[in-house]
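Structure record follows, encoded as C-alpha cells.
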Amino acid sequence: MATSEADEVREYRMAELAEKAGITVRTLRFYRERKLLPPPRREGRIAWYNDHHLARLRTIAALLERGHTLGGIAELLAAFESGRRDVGELLGLPGAAASWPAETPVRLRPEALADYFQGEVTPENLSTSLDLGYLAVDGDEIVHLSRRLLDVSHTLVEQGVPLAAVLGAAREVREHVDAIAETFVTLLRTHVLADAMERGEDVGETMEQLRPLATSVVDAELTMAMNRRMRAELGEAPPRGPPGVAPGASEPAGRYGSESPGTYGSAAPGRTGQ
DNA sequence: ATTCTTACA
DNA sequence: TGTAAGGA
C-alpha cells in the first residue's frame with residue numbers, strides 16, 4: 001500500500017508545530033524555556049518536535065482555557081511526570097487531601113490521557129478502565145481514581161507493556177487483593193471487634209488502628225514472594241525450604257518500592273529511544 | 001539562505 | 001509576546 005496519511009512518528013519544525021497548535025513560534029520557545037514542553041530532538045541546527053509535543057501543547061491550551069497560570073501548569077506537568085505529588089490538590093480537587101487513607105484522584109482532559117498513553121487509549125481499554133472503576137467521566141474531563149495507579153500504568157506502558165495487558169493484570173490483582181481484604185476484615189471482626197465493643201471502645205478507631213497491619217503483612221509477603229519468583233525466573237537454585245524461613249536470605253536492601261519516582265524524570269532528555 | 005537564539009522593547 | 005539582529 002502507498003503511504004497512507006495515518007502517519008508514523010511525524011516530526012515538525014518550530015513553525016509547523018506552532019501553526020498546528022495555534023500559537024506563535026515565540027510562544028513555543030517561551031513554553032520550552034519554562035519547562036512546559038519536553039526538549040525537542042536536536043539535529044544540529046534545527047529542532048524537531050513530534051506528536052507528543054503537539055498533544056502537550058493542546059493540553060496546555062486546555063489548561064489555560066480553564067484559567068490556570070503558566071507557572072501552575074508547569075508545576076502540574078512536572079508533578080505528573082515525576083509522580084509522587086498530589087496533583088489533585090494542585091488542581092484544587094475536593095477530597096483530594098482527605099483525611100481518610102484513600103487514593104488521590106487525578107482529573108485530566110482526554111487529550112492529556114491520550115498524551116500519556118499515546119496510541120493505547122482504545123475504546124476497549126477505556127471500557128476496561130471504566131469497568132474496573134479506574135476512570136470516571138466528569139463532564140468533559142476524565143477522573144482517574146488513583147494517581148499512584150495511573151503513574152504505574154504510565155511507566156509500564158512506557159516500558160513496552162501493552163496497556164491492555166496492564167489492565168488485565170490489574171483485574172487479577174484486584175481479585176486477589178479483595179480476597180486478602182476479606183481475610184483481614186474477618187479476622188478483625190471475629191477476634192478484635194467483639195472485645196472492643198465489650199470494653200466500650202470506639203470500634204471504628206480500633207479498626208483504623210489495626211488497618212496498617214494488613215498493609216505491612218501484604219508488603220512483607222509480597223516482597224518475599226517476588227524474591228522467590230524472581231530467583232526462579234533468573235534460574236537461580238531455589239532454596240527448597242519452608243516459606244518464610246529463608247536461610248541467610250535477609251531482605252535485599254532495595255525493595256520493589258517507590259523510592260525513586262524519577263525513573264524517567266529530569267535527568268536525561270533522551271526518553272523513549274528510537 | 002534558512003533556522004533558531006539572544007536581546008531588547 | 002513581538003521583533004530585530006546575529007551565529008551556525
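The figures that follow rest on heavy atoms only: side chains count, while hydrogens, waters and symmetry mates do not. Chain identifiers are assigned alphabetically (A, B, ...) following the order of the sequence lines, protein sequences preceding nucleic acid strands; residue numbering begins at 1 within each chain.
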Sugar-phosphate only, base, or nothing, as touched by Ala47(A) at under 4.0 Å among non-hydrogen atoms: sugar-phosphate

Candidate nucleotides dG7(C), dT3(C), dC4(B), ranked by approach to the side chain of Arg26(A) - the nearest: dT3(C)

Under the side chain to side chain contact (heavy atoms under 4.5 Å, CB included) test, residues paired with Val166(A) that sit two or more places apart: Ser153(A), Leu156(A), Val157(A), Val161(A), Leu163(A)

Shortest non-hydrogen separation from Leu132(A) to Arg174(A) and the atoms involved: O-NH2, 2.9 Å

Whole-Å gap separating C1' (dG7(C)) and CD1 (Ile46(A)): 16 Å

Salt bridge flag under 4.0 Å for residues Arg189(A) and Glu182(A): no

Parallel, tilted or perpendicular: rings of Tyr116(A) and His154(A) (30°, 60°): perpendicular

Sugar-phosphate, base or nothing in reach of Arg13(A), heavy atoms under 4.0 Å: sugar-phosphate

Euclidean distance, atom CZ of residue Arg29(A) to atom P of dT3(C) [Å, nearest integer]: 16 Å

Spacing between Leu28(A) atom CG and dT5(B) atom C1', to the nearest angstrom: 13 Å

Length of the CH2-C1' vector between Trp48(A) and dT3(B), whole Å: 11 Å

Hydrophobic cluster partners of Leu234(A) (side-chain heavy atoms under 4.5 Å): none

Atom pair distance, as rounded to whole Å: CD1 in Ile60(A) and P in dT1(C): 11 Å

Atom-pair distance (OH on Tyr49(A); C1' on dT3(B)), nearest Å: 12 Å

Separation of dC4(B) C1' from Glu16(A) CD (nearest whole Å): 16 Å

Thr27(A) side-chain N/O to dT1(C) phosphate OP1/OP2 under 4.0 Å: yes

Sugar-phosphate, base or nothing in reach of Arg42(A), heavy atoms under 4.0 Å: sugar-phosphate

Of the listed nucleotides dA8(C), dT5(B), dG2(C), the one nearest the side chain of Arg45(A): dA8(C)

Base paired to dT2(B) (Watson-Crick or G-U; both N/O distances under 3.5 angstrom): dA8(C)

Integer-rounded Å distance: dT6(B) P and Met14(A) CE: 10 Å

